[in-house]
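Residue numbers run from 1 in the order of the sequence given.
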Amino acid sequence: MKRFVVLLASLLAVPALASAAPITAGGPALAQACAACHGPGGRSQGAIPSLDRLPPEDFRAAMQAFRTEERRGTVMNRIAKGLSEASIEAVVAYFARVQAR
């Protein structure tokens with residue numbers, strides 16, 4: 001539970017930083033927070049989906065569906081609700097760059 005609270009707090013702090021900078025500036029910080037569950041670089045070793053192979057349009061759609069609760073998750077609904085559109089775009093752009101490597 002403590003790990004979740006720290007993760008959620010870090011995700012909620014990033015949107016304010018991302019809104020003052022270019023749209024992709026918050027991507028690396030958000031990706032570090034994602035690593036707690038989705039693995040380093042978005043590559044999961046378990047049942048949680050990997051983000052490093054997810055097409056950007058699917059990633060964006062999933063995050064938006066979590067925000068609206070159209071898609072149910074364990075903690076992703078709460079995390080996605082704390083992200084602005086700019087933050088979602090930043091993390092989508094970050095993982096798209098990871099895929100391109």
Side-chain angles (χ1 to χ4, degrees):
M1 182 64 176
K2 183 178 179 182
R3 187 168 123 177
F4 170 71
V5 171
V6 171
L7 172 65
L8 186 58
S10 67
L11 286 173
L12 292 175
V14 174
L17 297 174
S19 64
I23 197 162
T24 59
L30 287 167
Q32 285 182 341
C34 297
C37 297
H38 292 276
R43 185 165 300 192
S44 176
Q45 299 299 312
I48 295 173
S50 290
L51 302 176
D52 66 333
R53 295 182 181 97
L54 198 59
E57 55 278 356
D58 292 349
F59 193 168
R60 184 179 300 104
M63 291 300 291
Q64 291 168 344
F66 281 127
R67 279 179 80 189
T68 62
E69 294 193 19
E70 180 181 323
R71 180 173 177 175
R72 300 295 302 157
T74 54
V75 299
M76 283 305 302
N77 299 99
R78 289 176 279 185
I79 292 170
K81 284 181 182 180
L83 299 175
S84 67
E85 284 296 323
S87 293
I88 290 173
E89 288 302 318
V91 77
V92 167
Y94 174 81
F95 282 109
R97 285 192 309 275
V98 167
Q99 286 178 3
R101 291 184 202 157

Which residue pairs satisfy the ring-ring contact (aromatic ring centres under 6.0 Å, His included) criterion with at least one member in residues 56-88, sequence neighbours excluded?
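For residues 56-88, and leaving out neighbouring residues, the ring-ring contact (aromatic ring centres under 6.0 Å, His included) pairs sorted by first residue read Phe59-Phe95.
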Contacts under 3.5 angstrom, residues 45-57 side chains, donor-acceptor by atom type, not counting sequence neighbours:
residue, atom, partner, partner atom, Å
Ser50, OG, Ser44, N, 3.0
Asp52, OD2, Arg43, NE, 2.7
Asp52, OD2, Arg43, NH2, 2.7

Validation row: Gln64, Glu70 side chains within 4.5 angstrom (heavy atoms)
no
Looking at Leu30 and Ala90, what are the two nearest heavy atoms and their distance?
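Heavy atoms of Leu30 and Ala90 come nearest at CD1-CB, 4.4 Å.
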Do you know which two heavy atoms are closest between Ala31 and Tyr94, and how far apart they sit?
CB-CE2, 3.2 Å
Looking at residues at least two apart in the chain, or sitting in another chain, which of them share a salt bridge (charged side-chain N to carboxylate O under 4.0 Å, His left out) with Glu69?
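Result, salt bridge (charged side-chain N to carboxylate O under 4.0 Å, His left out) vs Glu69: Arg72, Lys81.
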By salt bridge (charged side-chain N to carboxylate O under 4.0 Å, His left out) - contacts of Arg71 (at least two apart):
none
Please round to the nearest 0.5 Å and tell me the distance separating atom CZ of Arg78 and atom CG of Leu83.
13.5 Å
Which distance, rounded to the nearest 0.5 Å, do you find between the CE of Met76 and the NE2 of His38?
5.0 Å
Salt bridge (Lys or Arg N to Asp or Glu O under 4.0 Å): pairs with one or both residues in residues 28-37, sequence neighbours excluded:
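Every candidate salt bridge (Lys or Arg N to Asp or Glu O under 4.0 Å) pair involving residues 28-37 fails, so no pair, neighbours aside, qualifies.
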